[in-house]
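Everything below concerns the one structure shown next.
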Amino acid sequence: MIKEDRRVKQITPKSEDFSKWYVEIIRKTEMADYAPVKGMMVIRPYGYSIWEHIQSGLDRRIKETGHSNAYFPLFIPESSLQKEAEHVEGFTPEVAWVTQGGTEELEERLAVRPTSEAIIGSMYSKWIKSYRDLPLLINQWANIVRWEKVTRPFIRTTEFLWQEGHTVHETAEEAQEETMKILALYKEFAETELAIPVLSGIKSDREKFAGAEATYAIEGLMGDGKALQMGTSHNLGQHFSKVFQIRFEDREQTLQYAWQTSWGMSTRLVGAVVMSHGDDSGLRLPPRIAPIQVVIVPISIGDWKETILPTAGKLAAGLKKSGVRVYLDQREEYTPGWKFADWEMRGVPLRLEIGPRDVKSGQAVAVRRDTGAKESLSLDSLPQAVPELLQSIQDNLFNQALDFRRANTRSVCDYEEFKKVIETKRGFLLVPWCGDRACEDKIKEETMATIRVIPLTEEKTEGVCIRCEKKAGQQAYFARSY
RNA sequence: CGGGGCGUAGCGCAGCCCGGUUAGCGCGCUGCGUUCGGGACGCAGAGGUCGUGGGUUCAAAUCCCACCGCCCCGACCA
């Protein structure tokens, strides 16, 4: 029998060095590679395919809720970017500038978009005249540049891909409704497609988007106990409409500033999938976003090309017909054992092995990536059984991640205990908080933990602030984060 | 941007202290053959601006300076 450790010799164990484990997975599975410019990466076909599946699931939901895609320019005139004071202040440290076109110095510098509120605001002011033009519901898929000091593949790169929704509404209520609708959409997406349970709620002022009235977010818990912001939905109020003069004549024939929202999710989600589900053997991909959902490995013995391959080929065709993304690995230069390990590392949810014994008995051995469980299934049953198995794997990955998050979410009232848990176990800590920025800052200074979200409950909280012992009106989830 | 570590073949590393033939090893890669139900084996091969640029020296992977990149730990952020 094969010992466990033989399978994993290529990857640093997760428990030994999480960061190293993460980077090794990204590179060894050929998801991405470092580019010549600091902080920039190439997304290779395997990684890009995961992103494409994320895109399609998200794009479908965005369209189903009435939004249309459009595309705005990469460059933003400096004067536009500087209109919203808080926005400029927030983004200035990480904006890349174009100062020259060809050999000519530009009269006005151009910002490479760090986000598109400014450029979109300047266009919306031209398009919106009447309440009849509202709501305006636009999304764009784009690349973004933020000059970050510390980068990590997928999680934080200088350039990244994302979608950003930018909507305009007649009333504050409608804008708020939109903000919450998208927050719910993001949560549902993360949980059903990525199999990552997320907390959702509102950000503290300290953590909110530069220029927003309020920021809502979904937060996932990664395998090392650190939180990751996975999507944000902002209620922009009238901040941008006032500076970009986005005005409309309302139903009472008075001129009003419009109410806006913006929201985004990015290629960071690919990193979230790796860090939520991966294990010591490599990736474990949720079937819904896996580039390959099922790999068929024929056991290459003797005259296998005549005796086994036809059956394997028929099986592959049958699965493809039932909508499964299947790959028949008929490479001759690798042994079956090598292929098993390789596909496990790449996170393929389900493997089907077919050897001489299986052909004889009309079966195949199915091996789940999530549990490692093996079972023999009849070939006839597979076109039905495989989609069910994939769903079961999807559900199990979600449940495992949920168990992990539950085990690592703690209610704490004592600050000493808080510090101890953050230091030793990490995870989410739900604690009473007075609502003061000063306490939040001190907690960050002293423990490196920040408020991830403040849950959206109507319930009143009893007790006193964990840090200052004033009366706490609310509870907040704290964690160390990426 | 601060503190620490690292950069030698595609990947992982040795060599560097104490400068001195053609710069090594494992894996991977190429060819041929035997194999193949959990990372096969034999034989033959290919592959290197020793991160980049300067300097010291008769001589630099090795010593000195600068720069670049990556990783970790902090300050800032999808």
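Please read all numbers here as calculations on a predicted model, not as lab measurements. Heavy atoms only: backbone and side chains are in, while hydrogens, waters and symmetry mates are out. In what follows, chains carry the letters A, B, and so on, assigned in the order in which the sequence lines appear, proteins first and then strands, with residues in each chain numbered from 1.
- A/Arg331 places its CZ atom 12 Å from the C1' atom of B/G39, with the value rounded to the nearest Å.
- Pairing for B/G2 goes to B/C73, judged as Watson-Crick or G-U wobble with the two contacts each under 3.5 Å.
- Salt-bridge check for A/Lys14 with A/Asp279: failed, with every basic side-chain N at 4.0 Å or more from each acidic carboxylate O.
- Annotation: cation-pi geometry not satisfied between A/Arg351 and A/Trp343 (NZ/CZ under 6.0 angstrom from ring centroid, within 45° of ring axis).
- Looking at A/Glu148 and A/Glu94, their side chains come closer than 4.5 Å, going by heavy atoms from C-beta outward.
- Base engagement by A/Asp358 is indicated by at least one non-hydrogen atom pair under 4.0 Å involving a base atom.
- Residue A/Ser266 places its side chain closer to B/A78 than to any other of B/G74, B/C76, B/A78.
- Note on A/Pro336: a base of the nucleic acid sits closer than 4.0 angstrom, heavy atoms only.
- With B/A40, B/G74, B/G37 as the candidates, the nucleotide lying closest to the side chain of A/Ile301 is B/G37.
- Close to B/C71, at under 4.0 Å from its OP1 or OP2, lies no side-chain N or O of A/Tyr22.
- Remark: B/A59 base-pairs with no nucleotide; criterion is Watson-Crick or G-U wobble with both hydrogen-bond distances under 3.5 Å.
- Across all strands shown, A/Gly39 has heavy atoms under 4.0 Å from sugar-phosphate atoms exclusively, and none from any base.
- Note on A/Lys149: a base of the nucleic acid sits closer than 4.0 angstrom, heavy atoms only.
- Atom P of B/G15 sits at a distance of 12 Å from the matching atom of B/C63, rounded to the whole Å.
- Nucleotides B/C29 and B/C76 place their C1' atoms 44 Å apart, quoted to the nearest Å.
- Of the two residues contacting RNA chain B, namely A/Asp17 and A/Val359, the nearest-nucleotide position lying further toward the 5' end is that of A/Val359.
- Here A/Gly264 lies out of heavy-atom contact (under 4.0 Å) with every strand.
- Residue contacts for A/Leu228: at a heavy-atom cut-off of 4.0 Å it reaches no nucleic acid atom on any strand shown.
- For B/A78, the base is not stacked against the aromatic ring of A/Trp162, per a cut-off of 5.5 Å between centres and 30° between planes.
- By the neighbour-count criterion of 12 heavy atoms within 6.0 Å, atom CD of A/Gln100 is densely surrounded, having more than that number from other residues, nucleotides or ligands.
- Closest to the side chain of A/Trp304, from the set B/C77, B/C36, B/C1, is B/C36.
- The same atom, C1', is picked in B/G19 and in B/C50; the two are 15 Å apart, to the nearest Å.
- For the pair A/Leu377 and A/Gln363, the minimum side-chain heavy-atom distance is 4.5 Å or more.
- Put simply, the side chain of A/Leu199 reaches to within 4.5 Å of the side chain of A/Arg405, judged on heavy atoms.
- Sorted by first and then second residue, the pairs that involve residues 139-163 of chain A and meet ring pair (Phe, Tyr, Trp, His ring centres under 6.0 Å), not counting sequence neighbours, are A/Trp51-A/Trp141, A/Phe160-A/Trp162.
- Taking 3.5 Å as the limit, the base of B/C36 and the side chain of A/Thr335 contain no donor-acceptor pair of atoms between them.
- Across B/G39, B/C71, B/C36, the shortest atom-to-atom separation from the side chain of A/Pro153 is found for B/C71.
- In this structure, A/Lys444 reaches the sugar-phosphate backbone alone: every heavy-atom distance under 4.0 Å involves primed, P, OP1 or OP2 atoms, never a base.
- Across all strands shown, A/Gln229 has heavy atoms under 4.0 Å from sugar-phosphate atoms exclusively, and none from any base.
- One donor-acceptor pair, N or O on each side, does fall under 3.5 Å between the base of B/C77 and the side chain of A/Arg156.
- A/Glu446 and A/Arg467 are joined by a salt bridge, as a carboxylate oxygen and a charged side-chain nitrogen come within less than 4.0 angstrom of each other.
- Listed for the A/Tyr22 side chain is a donor-acceptor partner under 3.5 Å among the backbone atoms of A/Pro153.
- Judged by Watson-Crick or G-U wobble contacts below 3.5 Å, the nucleotide B/A66 has B/U52 as its partner.
- Among the atoms of the strands shown, none is found under 4.0 Å from any heavy atom of A/Phe91.
- At the phosphate of B/C72, OP1 or OP2 sits under 4.0 Å from a side-chain N or O atom of A/Arg152.
- Among the atoms of the strands shown, only primed sugar atoms or phosphate atoms (P, OP1, OP2) are found under 4.0 Å from some heavy atom of A/Ser19.
- Note on A/Val297: nothing from the nucleic acid sits closer than 4.0 angstrom, heavy atoms only.
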Do nucleotides 5-12 of chain B as a string where each nucleotide becomes B, S or -: B if the base has a protein heavy atom under 4.0 Å, S if just the sugar-phosphate does, - if no protein is that close. --------
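- When both pairing distances are held under 3.5 Å, B/G45 makes a Watson-Crick or G-U pair with B/C29.
- Listed nucleotides: B/G69, B/G37, B/G39. Nearest to the side chain of A/Glu353: B/G37.
- If you check every strand for non-hydrogen atoms under 4.0 Å, A/Thr157 touches a base.
- Here the side chain of A/Thr65 pairs a donor or acceptor atom with the backbone of A/Ile62 at under 3.5 angstrom.
- Among the nucleotides B/C36, B/C70, B/G74, the one closest to the side chain of A/Ile299 is B/C36.
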